[in-house]
Amino acid sequence: MSKKHPIISVVGSSGAGTSTVKHTFDQIFRREGVKAVSIEGDAFHKFNRKDMKAELDRQYAAGNHGFSHFSYEANELKELERVFREYGETGAGKTRHYVHDDEESERYGVPPGNFTEWAPFEDGSDLLFYEGLHGAVVNDEVNLPQYADLKIGVVPVINLEWIQKIHRDKAKRGYTTEAVTDVILRRMHSYVHCIIPQFTETDINFQRVPVVDTSNPLVARWIPTPDESLVVIRFKNPRGIDFSYLISMIHGSWMSRANSIVIPGGKLDLAMQLILTPMIERLVSESKRA
Ligand SMILES: Nc1ncnc2c1ncn2[C@@H]1O[C@H](COP(=O)(O)OP(=O)(O)OP(=O)(O)O)[C@@H](O)[C@H]1O
Ligand SMILES: O=C(CO)[C@H](O)[C@H](O)COP(=O)(O)O
């Protein structure tokens, strides 16, 4: 944690919706005049696409069938921790981009499946924003949550997460349903051991729950819409959260536990703004005072 150079870490599996949530943060940053620098978690993959394929084949041949992008060892988590620590201490750091598709290739000038060069953050930022797979990992080698001042989990229930991933990977990244299904299966071991433990570290989890039938996510023809879903919002430490204000402002919401509220899916953006704006304001004003 760094009073002077705060870090926000948004964590979710592939397809969970962390990039979508980043848009809401960007709106808050713009409206509140907050200058944020950001990291995409995929920038800290260890391998480009070609080398990852070779490493996967090697791991498979050696009997490690659990190796995937979700595994700790497929990512530069020590480097990510170093960047978090350095930013917290000095407000400086660096990142790069993993280019997934033609659209990103056009933007970054690097072929799909490769990284851009590392580049330093712009000077004079108010906070660092991380969005990706591993921003709250605690293991034998790293402890990322200790550096992050606000940790958010984005965790749709699993059928919905798969539907979101399948649709996005088919529409934007050119994969087939079969290829995405294989990836989901291959990642399951690390999903359990590396991804989900992070959601007990996070301060707030947003869990989208569909209210339409998603029993067979592999054949779903579209992603359930906001109107076809609810969102459970769970606060690790509910002290100081004004639940009655939230319930009165978010029409159709209710408390389901002493630390959780449920909102209509279409109110997610509003709820995030109501909950996160004062938290971000506090982080930035405390950093300016420090
Ligand atoms: N709240 C939501 N309502 C409806 N659709 C959503 C919502 N959140 C995400 N989606 C859809 O799910 C898909 C995946 O979302 P997104 O790209 O944000 O995931 P991600 O977590 O950033 O994935 P990755 O880390 O693999 O890039 C997108 O098609 C997005 O439009
Ligand atoms: O979403 C992902 C992880 O968050 C991607 O699967 C990962 O970045 C690798 O991408 P690709 O399979 O397109 O090379």
Side-chain angles (χ1 to χ4, degrees), residues 9-26 38-56 67-71 74-76 80 96-105 110-115 129-135 152-176 179-187 190-191 194-195 198 206-212 214 217 220 222-233 263-272:
S9 183
V10 174
V11 183
S13 175
S14 181
T18 55
S19 312
T20 309
V21 161
K22 182 174 189 299
H23 295 308
T24 307
F25 272 93
D26 285 341
S38 44
I39 294 180
E40 294 150 11
D42 294 355
F44 288 79
H45 286 333
K46 195 172 279 173
F47 304 104
N48 67 18
R49 192 175 288 160
K50 184 166 146 281
D51 294 347
M52 182 66 183
K53 170 85 183 61
E55 183 64 17
L56 259 173
F67 184 76
S68 78
H69 275 114
F70 286 4
S71 313
N75 294 276
E76 303 280 6
L80 178 60
R96 60 181 178 176
H97 299 281
Y98 180 90
V99 175
H100 291 95
D101 51 36
D102 292 339
E103 194 187 311
E104 292 178 2
S105 174
V110 169
N114 288 286
F115 297 101
F129 180 87
Y130 167 96
E131 165 261 307
L133 296 169
H134 293 113
I152 307 288
V154 182
V155 198
V157 293
I158 199 158
N159 280 20
L160 177 56
E161 189 169 282
W162 291 356
I163 293 173
Q164 292 189 173
K165 177 162 179 63
I166 291 166
H167 279 251
R168 196 273 319 274
D169 281 3
K170 283 169 73 179
K172 293 200 68 191
R173 299 183 181 171
Y175 293 122
T176 60
V180 188
T181 309
D182 280 349
V183 169
I184 289 171
L185 288 171
R186 178 161 23 89
R187 290 175 170 185
S190 300
Y191 183 81
C194 307
I195 302 296
Q198 297 179 90
F206 292 88
Q207 181 158 58
R208 203 156 86 91
V209 182
V211 289
V212 288
T214 56
W222 60 78
I223 299 173
T225 63
D227 281 347
E228 293 171 337
S229 59
L230 300 170
V231 181
V232 177
I233 306 173
I263 62 163
K267 304 279 184 193
L268 177 59
D269 207 62
L270 172 67
M272 291 188 84

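Quick caveat, the model's predicted, so the values are computed rather than measured. Starting from 1, each residue takes its place in the sequence as its number. Remember, it's 1-based here, ligands and their atoms both numbered in the order they're listed.
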**Message:** Looking at E161 and A16, would you say the former's side chain and the latter's main chain have a donor-acceptor pair under 3.5 Å?
**Reply:**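 No, E161 side chain to A16 backbone: no donor-acceptor pair under 3.5 Å.
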**Request:** Output yes when a side-chain donor or acceptor of H69 lies under 3.5 Å from a complementary backbone atom of D42, and no otherwise.
**Result:**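 It does not hold such a pair.
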Which heavy atom in [X] sits nearest to a heavy atom in [Y], and how many Å separate them?
X: V110; Y: V99; value: O-CG1, 3.6 Å
X: L160; Y: P224; value: CD1-CD, 3.6 Å
X: G17; Y: Q164; value: N-NE2, 4.2 Å
X: Y175; Y: K170; value: O-CG, 3.1 Å
X: S229; Y: R208; value: OG-NH1, 3.0 Å
X: M272; Y: V21; value: CE-CG1, 3.4 Å

Which protein heavy atom lies closest to [atom], and at what distance to 0.1 Å?
atom: atom 30 (C) of ligand 1; result: T20 OG1, 3.8 Å
atom: atom 9 (C) of ligand 2; result: H69 CE1, 3.3 Å
atom: atom 14 (O) of ligand 2; result: Y98 OH, 2.5 Å
atom: atom 2 (C) of ligand 2; result: S14 OG, 3.6 Å
atom: atom 4 (O) of ligand 2; result: D42 OD1, 3.1 Å
atom: atom 7 (C) of ligand 2; result: H45 NE2, 3.3 Å
atom: atom 22 (O) of ligand 1; result: S19 OG, 2.4 Å

Counting only heavy atoms closer than 4.0 Å, does ligand 1 sit against the backbone of [X], its side chain, both, or neither?
X: R208; result: side chain
X: P156; result: neither
X: I223; result: side chain

**Per-atom contacts of ligand 2 with R49, taking only distances under 4.0 Å to non-hydrogen atoms** =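 Near R49, the atoms of ligand 2 are 11 (P), 13 (O), 14 (O).
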**Request:** Give the numbers and elements of all ligand 2 atoms closer than 4.0 Å to a heavy atom of R187.
**Result:** 5 (C), 6 (O)
**Message:** Side chain or backbone, does G17 bring an N or O within less than 3.5 Å of an N or O on ligand 1?
**Reply:**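 Indeed, backbone or side chain, G17 has an N or O that close.
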**Asked** Is R168 close to ligand 1, meaning an N/O of one under 3.5 Å from an N/O of the other?
**Response**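 Right, the criterion is met.
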**Complete:** Nearest heavy atom to atom 14 (C) of ligand 1, choosing from G266, G15, A16, belongs to G15
**Asked** Which of these, H100, R173, Q164, E131, has its nearest heavy atom closest to atom 13 (C) of ligand 1?
**Response**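 Answer by nearest heavy atom: Q164.
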Could you see which bit of [X] sits under 4.0 Å from ligand 2, with heavy atoms only: side chain, backbone, both or neither?
X: H134; value: neither
X: R173; value: side chain
X: Y175; value: side chain
X: L133; value: side chain

**Message:** Side chain or backbone, does K165 bring an N or O within less than 3.5 Å of an N or O on ligand 2?
**Reply:** no
**Short N or O distance, H100 and ligand 2, threshold 3.5 Å exclusive** =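 H100 vs ligand 2: N/O contact under 3.5 Å present.
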**From V10, I39, D26, residue fulfilling side-chain contact (heavy atoms from CB on, under 4.5 Å) relative to F129** =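 With F129 as partner, side-chain contact (heavy atoms from CB on, under 4.5 Å) holds for just one option, V10.
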**Request:** Report yes if the distance between the aromatic ring centroids of H100 and Y98 is under 6.0 Å, otherwise no.
**Result:**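 Ring centres of Y98 and H100 closer than 6.0 Å.
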**Prompt:** With a 3.5 Å cut-off and no angle check, do the side chains of R186 and S68 form a donor-acceptor pair?
**Reply:** no
**Prompt:** Going by atom types only, do H134 and Q198 share a side-chain donor-acceptor pair under 3.5 Å?
**Reply:**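 The answer is no; no qualifying pair exists.
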**Prompt:** What atoms of ligand 1 come closer than 4.0 angstrom to any heavy atom of T18?
**Reply:** 18 (O), 19 (O), 20 (P), 21 (O), 22 (O)
**Heavy-atom check, side chain of P210 versus side chain of N159, under 4.5 Å** = no
**Side chain to side chain, H45 and N75, heavy atoms closer than 4.5 Å** =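 They are in contact (side-chain heavy atoms under 4.5 Å apart), so the answer is yes.
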**S13 heavy atom under 4.0 Å from ligand 1** = yes
